[in-house]
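Report on one structure; see the data block that follows.
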Amino acid sequence: MKFLPSQIAFFMQSRSAQRNMRFLFRFVLLLVAVITLYSVLFHVIMDYEGRDYSWATGFYWTLTVMSTLGFGDITFLSDTGKLFTLVVLLSGIIFLLVMLPFTFIQFFYAPWLEAQTRLRAPRELPAETRDHVIIVGGDATALGLGRDLAQYAHPYVLLCADAQTALDLQDQGFSVAVGDYDDPETYRRLRVEQAAMLVALDGDVRNTNVAFTAREASPGIPVVCGADQDEAVDILTMAGGTHVFRFSNMLGQGLARRTLAGNMRTGVVGRFDDLVVAEAPVMRTGLVGHSLRDSDLRKVTGVNVVGVWERGRFQLPRPGAPLEASTVLVLAGTRQQMDAFDRYIGGRGVNGTPGGVGGAGPAGPTGETGPAGPAGKTGEAGRHGRAGGTSTAPASDAPVLILGGGRVGLAAARQFAETGIDYRIVEKNPRLVHDDTHTITGSAADLDVLERAGIREAPAVLVTTHDDDLNIYLTIYCRRLRPDIQIITRATLDRNIGILHKAGADLVMSHGSLVSNTVINLLNPGKVLMLSEGLNIFRAPVGLGLAGRTLKDSGIRDETGCSVVALRGPGGLSVNPDPALLLRSCDELILIGDSEAERRFLERYPDNEECEEA
């Protein structure tokens with residue numbers, strides 16, 4: 001809308017604008033009538049005083065007095081005339097200096113500005129827009145998904161219900177559009193038939209409406225829905241949801257799988273064909289204080305350490321550096337190799353090193369190996385980080401503590417029940433207590449409640465409330481009570497992840513990162529598997545720049561920061577291939593690395609190199 005006539009035409013289409021204009025027009029008519037009446041009375045009183053003026057002079061005198069200018073060139077001589085002048089002056093203050101500006105601003109200027117604001121908010125995407133993601137939802141999770149999609153160069157648009165919210169988000173750098181969620185025309189204007197995906201992240205009822213309406217506009221669009229309640233899953237599927245996820249359940253299960261309890265020492269964070277990527281906390285294992293070179297992990301178990309988490313930051317492993325209790329290993333291998341790792345590490349004591357840790361001799365390279373293949377559904381990867389506990393006290397059979405009995409806490413409890421791990425839920429709200437055997441009613445900030453739940457003996461505590469402030473408080477409190485306990489914390493907002501690490505959490509999983517990982521993995525099936533924010537598994541062909549070289553001599557890790565976790569050749573997929581293996585043109589590498597390492601690899605070894613004939 002570049003021209004004033006077009007803007008006025010758009011403005012006048014609004015019923016509220018038409019109503020306001022009618023009110024403003026009536027006020028102006030009233031003001032004109034008052035000015036005319038005063039001009040007539042001016043002539044009447046001047047005739048009474050024996051003076052004669054033109055009608056133009058009468059209107060001139062009325063407006064100068066009502067506007068308080070009062071030039072004084074024309075004045076009455078009689079008391080009647082002076083009283084009349086006072087009436088005109090006071091009414092002019094009310095009508096011209098108070099009511100007219102207020103009426104003009106209220107019924108014309110403010111609506112005009114609002115209409116201009118609405119015009120600035122985009123309502124339609126260009127016709128050439130395609131392969132974009134339409135996000136319905138305005139909470140922190142939806143905004144985080146938008147940021148992550150932009151980071152990975154996926155076009156997207158956030159659908160907002162009102163223009164002001166859209167403009168606020170647009171000022172923050174988001175791609176937005178305004179429209180009604182329940183109008184098929186809205187999705188047509190957003191080019192839904194050319195979109196890669198629609199993601200509904202509102203409540204169950206709204207998501208159902210969104211999925212059903214979007215299906216009317218484009219029957220073939222993939223629709224991803226978040227579900228809060230179990231019963232909503234089937235309804236959302238019937239409404240048109242292609243993928244329906246209970247992200248709270250997935251988050252709770254992910255927290256539980258990373259808990260040091262029982263015999264499990266690895267928590268699976270992703271699968272790529274036969275390749276399994278898992279995390280293994282070093283805490284309470286014989287690895288504490290020893291280096292990867294001395295651990296002999298690859299030789300004994302077959303797994304490859306492709307990275308480590310240190311207080312929330314992913315780093316390449318340093319074979320000679322001693323491992324700390326706060327370190328979490330990122331492992332790549334097959335499911336059988338992960339089971340072997342669990343058996344090998346699970347029996348280790350705290351201070352001793354049974355099984356050979358610390359004196360087994362040099363281990364095989366821990367660098368450029370590890371498997372991969374097409375991405376499957378993971379939904380488990382959140383953002384991870386470790387900090388805090390430094391003790392290596394052995395795990396006990398005492399129950400794991402779950403602070404918070406909401407959806408995430410209950411999902412973690414169900415996961416523990418399935419794996420035979422005892423647990424206790426601490427929940428303040430009695431209405432959320434469904435199992436008196438495993439639930440302690442009371443505040444998690446109360447020491448007596450925590451002691452009744454078993455904080456003194458518990459091997460781990462899960463902090464699962466939806467309030468990040470409370471989670472930070474409880475993390476600090478539990479770390480002070482038990483310096484040696486494993487603390488796994490949930491984060492609702494990504495910006496609080498670092499704070500939770502500093503508060504003492506050994507691992508933090510973010511609801512927003514979980515959603516982003518799930519959506520991005522669905523957008524790139526079989527090509528990229530996003531394990532956590534900034535950490536990916538991806539495929540790349542062996543081009544001419546790598547063909548004829550061995551993994552050990554390729555320098556991939558040193559030059560790019562990526563680790564090769566698998567190699568697909570004529571014989572199939574080789575997980576954690578031998579570093580001395582010769583790379584053949586057109587074999588397929590499967591690598592793990594953060595987003596910057598992935599960028600460096602693709603720049604140095606672009607995938608557009610032609611394959612040589614075998």
Side-chain angles (χ1 to χ4, degrees), residues 1-124 160-171 176 178-180:
M1 300 294 184
K2 296 182 179 180
F3 302 102
L4 184 62
S6 300
Q7 293 178 346
I8 295 175
F10 177 81
F11 173 65
M12 292 306 298
Q13 291 175 0
S14 169
R15 290 187 178 181
S16 61
Q18 295 172 4
R19 183 176 61 253
N20 292 341
M21 291 301 295
R22 286 195 297 268
F23 185 89
L24 183 60
F25 181 70
R26 287 197 296 266
F27 176 78
V28 171
L29 285 181
L30 174 63
L31 186 59
V32 170
V34 170
I35 293 172
T36 303
L37 175 63
Y38 287 163
S39 299
V40 171
L41 292 176
F42 168 81
H43 284 284
V44 171
I45 297 175
M46 281 299 180
D47 287 341
Y48 171 75
E49 294 183 354
R51 290 185 287 175
D52 185 32
Y53 290 97
S54 66
W55 282 102
T57 302
F59 282 103
Y60 161 78
W61 178 88
T62 301
L63 289 174
T64 56
V65 174
M66 290 185 71
S67 62
T68 72
L69 293 177
F71 294 127
D73 53 341
I74 303 174
T75 59
F76 288 104
L77 301 177
S78 64
D79 289 343
T80 302
K82 292 177 180 179
L83 289 173
F84 173 66
T85 302
L86 290 175
V87 172
V88 174
L89 179 64
L90 293 174
S91 61
I93 292 174
I94 295 174
F95 277 97
L96 291 183
L97 302 184
V98 178
M99 293 186 64
L100 180 60
F102 175 81
T103 304
F104 179 78
I105 293 173
Q106 178 72 16
F107 295 101
F108 180 78
Y109 188 66
W112 172 265
L113 289 180
E114 186 179 349
Q116 292 294 94
T117 298
R118 289 198 300 267
L119 284 174
R120 284 173 47 220
R123 295 175 176 273
E124 185 174 2
C160 302
D162 65 282
Q164 189 56 54
T165 301
L167 288 175
D168 291 343
L169 294 176
Q170 192 175 50
D171 291 341
V176 298
V178 179
D180 296 323

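Keep in mind that this is a model prediction, so the values were computed, not measured.
- How far CG of Leu63 is from OH of Tyr38: 12.0 Å, rounded to the nearest 0.5 Å.
- Ring-centre distance between Tyr53 and Phe42: below the 6.0 Å cut-off.
- Here salt bridge (charged side-chain N to carboxylate O under 4.0 Å, His left out) pairs that include residues 69-89, with residues two or more places apart or in two chains, number zero.
- With Phe71 as reference, Leu69 is the one residue of Leu69, Thr75, Ile74 to meet the side chain to side chain contact (heavy atoms under 4.5 Å, CB included) rule.
- Residues Ser39 and Gly58 share a closest heavy-atom pair of OG-O, 3.6 Å.
- Nearest heavy-atom pair, Val178 versus Ala161, reported as atom, atom and distance to 0.1 Å: CG1-O, 4.2 Å.
- Closest of all the heavy-atom pairs between Ser67 and Leu96 is N-CD1, 4.0 Å.
- Expressed to the nearest 0.5 Å, how far OG1 of Thr80 lies from CG of Leu41 amounts to 12.0 Å.
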Show your reasoning for whether side-chain contact (heavy atoms from CB on, under 4.5 Å) applies to Leu31 and Ile35.
CA-CA 6 Å; Leu31 186 59; Ile35 293 172; 4.2 Å; yes
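- The two residues Gln170 and Pro122 come nearest to each other via the heavy atoms NE2-CD, 3.6 Å.
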Could you go through the side-chain contact (heavy atoms from CB on, under 4.5 Å) check for Thr85 and Trp61 one step at a time?
CA-CA 10 Å; Thr85 302; Trp61 178 88; 3.5 Å; yes
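- Residues satisfying the side chain to side chain contact (heavy atoms under 4.5 Å, CB included) criterion with Leu97, sequence neighbours excluded, are Thr68, Ile93.
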Check step by step if side-chain contact (heavy atoms from CB on, under 4.5 Å) holds for Phe27 and Phe104.
CA-CA 10 Å; Phe27 176 78; Phe104 179 78; over 6 Å; no
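- Partners of Glu49 according to the side chain to side chain contact (heavy atoms under 4.5 Å, CB included) rule, which considers only residues two or more places apart in sequence or in another chain, are Ile45, Met46, Arg51, Phe76, Leu77, Ser78.
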